[in-house]
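See below for the structure under consideration.
Order of appearance sets the numbers: ligands from 1, and atoms from 1 within every ligand.
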Amino acid sequence: MKIDTTGLKSFIPEEEIFQLLENTKNPLPERVREIIAKSLAKNRLDPEEMAVLINAEDPALVEEIFEGARELKKRVYGNRIVLFAPLYIGNECVNDCQYCGFRSSNPDVLRKTLTLQELDGEVEALVKRGHKRLILVYGEHPHYGAQFIHDSVQEVYKQKHGNGEIRRVNINAAPLDVEGFKKVKSAGIGTYQIFQETYHPETYQAMHPSGPKSDYLWRLHGLDRAQEAGIDDIGIGALMGLFNWRFETMALLYHTIHLEEKFNVGPHTISFPRIEPAIGTDLCDRPPHEVSDYDFKRLIAILRLAVPYTGLILTCRESVELRNEIIEFGVSQIDAGSDIGIGAYSQNDEEAYKKSQFVLNDGRSLDQVIRELCEADFIPSFCTGCYRLGRTGEHFMEFAIPGFVKRFCTPNAVLTFLEYMEDYSSPETKVSGMKQIERELERMPEGDQKLQLLERIAQIKDGQRDLYF
Ligand code: SAM
Ligand code: SF4
């Protein structure tokens with residue numbers, strides 16, 4: 001792959017962002033409320049409006065922003081939470097990202113790439129826990145080219161264990177060229193995620209001193225190339241803690257607007273990982289712009305309001321308490337039962353931490369997360385219906401088409417969750433889960449749709465699998 005950035009320009013207007021953040025200081029409460037109302041009417045916000053929300057510092061106003069995010073989540077998306085697991089394929093890396101345990105200059109990390117047989121073992125372990133959706137994660141290395149990624153995705157889809165299989169594979173890997181993206185798309189991937197890490201060019205250079213990732217523009221335009229290759233389901237993100245969170249949050253909006261304008265479709269998901277401790281990596285113990293829990297909650301609520309149609313992902317990097325609180329702000333996907341030591345789902349490896357990119361804070365099992373979600377009145381979902389019926393951009397449809405969530409998403413959540421309980425859950429979780437399904441059914445209006453759902457529920461209890469609307 002040849003990195004060619006001829007003619008590429010940045011679409012992140014650095015000066016304009018700083019100006020907007022400066023010009024909107026001390027906003028009037030009415031203005032903040034007006035902007036929240038615009039978002040609740042299902043409109044994407046403009047950068048100036050986001051800057052106003054960012055500058056609302058008064059705790060009472062911040063609470064109104066939190067409440068706005070909760071309300072938007074309830075009104076548009078209901079109480080579903082989609083579950084997935086990350087699967088690390090290999091930690092060889094030619095880049096030297098200063099915050100990452102896998103960086104090339106780290107002598108403490110144990111390098112490892114799963115063999116096909118080991119990959120099968122990992123997938124088997126995940127399927128047997130009940131997972132249906134994975135994100136495969138790769139370091140950046142000549143070994144992990146487009147063909148390699150393609151082949152590993154196909155290997156995952158091949159596996160069948162009992163009633164289970166992985167039905168959707170997403171990717172988090174280095175940006176490819178258009179041909180490379182086409183190759184990976186042909187394996188039937190879901191979302192391709194690339195995080196810019198920091199949108200601030202100077203910080204970017206300092207954090208990525210060498211390797212292909214040191215080219216800011218190549219990465220910034222990575223998802224444009226994915227779109228050009230026909231991958232219209234893409235995820236953006238920034239690693240919070242490298243530079244000022246206010247700037248990064250604004251830049252995520254500018255990236256969104258760029259994609260909307262150029263491809264008519266914004267990002268499927270936005271991620272906002274915070275830096276976690278990593279083996280042999282001092283920078284992570286003192287991130288240059290550490291984001292407090294409070295500001296982290298603010299930036300997520302503001303992103304929810306600013307891009308109401310997009311999915312928000314919150315990972316096991318965060319603690320249980322914080323995850324439980326933030327989930328209400330409109331997070332749509334979480335990972336659960338995650339293990340990021342390479343090979344750690346299937347092998348008991350005392351050295352797994354030496355093969356991990358960073359350390360996780362939520363160590364609950366999938367079963368436990370599911371039980372707690374039900375107890376908090378969420379409905380866990382393993383749905384892959386839209387993706388498999390070619391309804392891509394489903395998150396946008398959920399948002400834009402009245403009744404879509406009621407017609408497709410909630411029934412599919414119920415069906416996939418019931419499968420989970422029939423095949424994998426502990427007896428205790430099954431009790432909480434069946435109560436949750438009862439609650440969902442009570443909330444559904446009587447009619448054909450409910451009858452169809454009841455019929456499929458009976459079929460799943462009878463042993464059928466993979467039913468969806
Ligand atoms: N190597 C590819 C790349 O850099 O694009 C794939 C992604 S990397 C394995 C996954 C993501 O983890 C990175 O994009 C970065 O945002 C995040 N990450 C790296 N180091 C981290 C740390 N110490 N704490 C939390 N997240 C981290
Ligand atoms: Fe390599 Fe990705 Fe880690 Fe950077 S973030 S060192 S590219 S694995």
Side-chain angles (χ1 to χ4, degrees), residues 3 86-109 111-114 135-146 148-149 152 170-176 180-181 184 191-199 203-204 206-216 218-220 222-223 225-226 234-243 248 252 269-291 296 313-319 335 338 340-342 353 355-362:
I3 294 185
L87 173 52
Y88 277 69
I89 304 294
N91 65 7
E92 298 279 349
C93 198
V94 292
N95 292 314
D96 203 22
C97 313
Q98 298 295 292
Y99 45 81
C100 180
F102 295 167
R103 70 184 189 288
S104 55
S105 65
N106 188 359
D108 297 343
V109 67
R111 303 287 168 184
K112 169 78 192 153
T113 302
L114 295 176
I135 181 152
L136 305 190
V137 188
Y138 307 75
E140 181 162 2
H141 194 275
H143 291 161
Y144 312 146
F148 178 87
I149 297 178
S152 47
N170 298 330
I171 300 290
N172 187 325
L176 305 170
F181 279 122
V184 172
T191 311
Y192 202 110
Q193 285 185 350
I194 301 172
F195 304 157
Q196 186 64 20
E197 320 299 10
T198 172
Y199 286 91
T203 309
Y204 189 92
M207 290 296 146
H208 308 99
S210 60
K213 196 165 165 179
S214 60
D215 195 318
Y216 177 92
W218 178 251
R219 195 167 179 91
L220 189 66
L223 290 167
R225 294 191 298 280
I234 55 182
I236 63 173
L239 181 60
M240 295 295 169
L242 298 177
F243 189 63
E248 305 292 16
L252 285 166
T269 56
I270 300 184
S271 300
F272 26 78
R274 277 196 297 186
I275 296 180
E276 295 301 326
I279 186 166
T281 311
D282 293 345
L283 181 134
C284 299
D285 301 330
R286 277 167 273 101
H289 289 262
E290 189 156 17
V291 182
F296 189 56
I313 301 183
L314 183 67
T315 68
C316 288
R317 289 177 179 85
E318 303 299 335
S319 68
D335 56 337
S338 298
I340 59 175
I342 293 172
Y353 73 99
K355 298 176 195 153
S356 296
Q357 194 186 12
F358 47 82
V359 181
L360 297 178
N361 279 310
D362 181 349

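Near V137, with a cut-off below 4.0 Å to any heavy atom, the atoms of ligand 1 are 9 (C). Taking a cut-off of under 4.0 Å to the non-hydrogen atoms of G139, the atoms of ligand 2 that pass are 8 (S). Atoms of ligand 1 lying under 4.0 Å from at least one heavy atom of I275, given by number and element, are 24 (N), 25 (C). Remark: ligand 2 atoms within the under-4.0 Å shell around heavy atoms of Q357 are 3 (Fe), 5 (S). Close contacts between ligand 1 and G139 involve ligand atoms 1 (N) [criterion: under 4.0 Å to a heavy atom]. Near C100, the atoms of ligand 1 lying under 4.0 angstrom from a non-hydrogen atom of the residue are 20 (N). Atoms of ligand 1 found under 4.0 Å from any heavy atom of F358, numbered from 1 in the order shown, are 21 (C), 22 (C), 23 (N), 24 (N), 25 (C), 26 (N), 27 (C). Short contacts between ligand 1 and C284, defined as distances under 4.0 Å to a heavy atom of the residue, involve ligand atoms 23 (N).
Counting only N and O atoms by type, the side chains of T113 and Y144 include a donor and acceptor under 3.5 Å apart. Between the side chains of N361 and E276, at least one donor N or O sits under 3.5 Å from an acceptor N or O.
Looking only at heavy atoms of the protein, atom 4 (Fe) of ligand 2 is closest to C97 SG, 2.2 Å. Nearest non-hydrogen protein atom to atom 7 (S) of ligand 2 is N95 ND2, 3.3 Å. Of all protein heavy atoms, the one closest to atom 7 (C) of ligand 1 is N172 OD1, 2.9 Å. Distance from atom 20 (N) of ligand 1 to its nearest protein heavy atom, with residue and atom name: Y99 CD1, 3.4 Å. Scanning the protein heavy atoms around atom 3 (C) of ligand 1, the nearest turns out to be R219 NH2, 3.5 Å. With hydrogens left out, the protein atom closest to atom 15 (C) of ligand 1 is E197 OE1, 3.3 Å, a heavy atom.
E290 contributes no side-chain N or O that, together with a main-chain N or O of P288, makes up a donor-acceptor pair within less than 3.5 Å. Using a distance-only test at 3.5 Å, with no hydrogens or angles considered, a donor-acceptor pair links the side chain of E248 to the main chain of Y199. Of the possible polar contacts, one joining the R219 side chain to the F195 backbone as a donor-acceptor pair under 3.5 Å is found. Looking at R111, its side chain never comes within 3.5 Å of a backbone N or O of G90 through a donor-acceptor pair. Side-chain N or O atoms of T191 include none that pairs as donor or acceptor with a backbone N or O of I234 at under 3.5 Å. A donor-acceptor pair is defined here as one N or O able to donate and one able to accept, closer than 3.5 Å; no such pair exists between the side chain of Q357 and the backbone of F102. Looking only at distances, no side-chain donor or acceptor of D335 sits under 3.5 Å from a matching main-chain atom of P86. Side chain of S271 to backbone of P273: no donor-acceptor contact under 3.5 angstrom is found. At distances below 3.5 Å, not a single donor-acceptor pair connects side-chain atoms of D362 with backbone N or O atoms of C316.
Atom 1 (Fe) of ligand 2 has an N, O or S atom of C93 under 2.8 Å away, backbone or side chain. At a cut-off of 2.8 Å, C100 is counted among the residues with an N, O or S atom near atom 3 (Fe) of ligand 2.
Here the shortest heavy-atom pairing between F296 and V291 reads N-CG1, 3.6 Å.
At a heavy-atom cutoff of 4.0 Å, ligand 1 is contacted by no atom of P277, backbone or side chain. No part of H208 comes within 4.0 Å of ligand 2, judged by heavy-atom distances.
Comparing heavy-atom distances from atom 4 (O) of ligand 1 across E276, K213, R274, H141 singles out K213 as nearest. Remark: among candidates K213, E92, R103, the nearest residue to atom 2 (Fe) of ligand 2 is K213, based on non-hydrogen atoms. Residue Y138 holds the heavy atom nearest to atom 1 (N) of ligand 1 of all those in Y138, F195, Y88. Closest to atom 26 (N) of ligand 1 by heavy atom, among Q98, R317, Q357, is R317.
H208 pairs in a ring-ring contact (aromatic ring centres under 6.0 Å, His included) with only one of the listed residues (Y99, W218, Y216), which is Y99.
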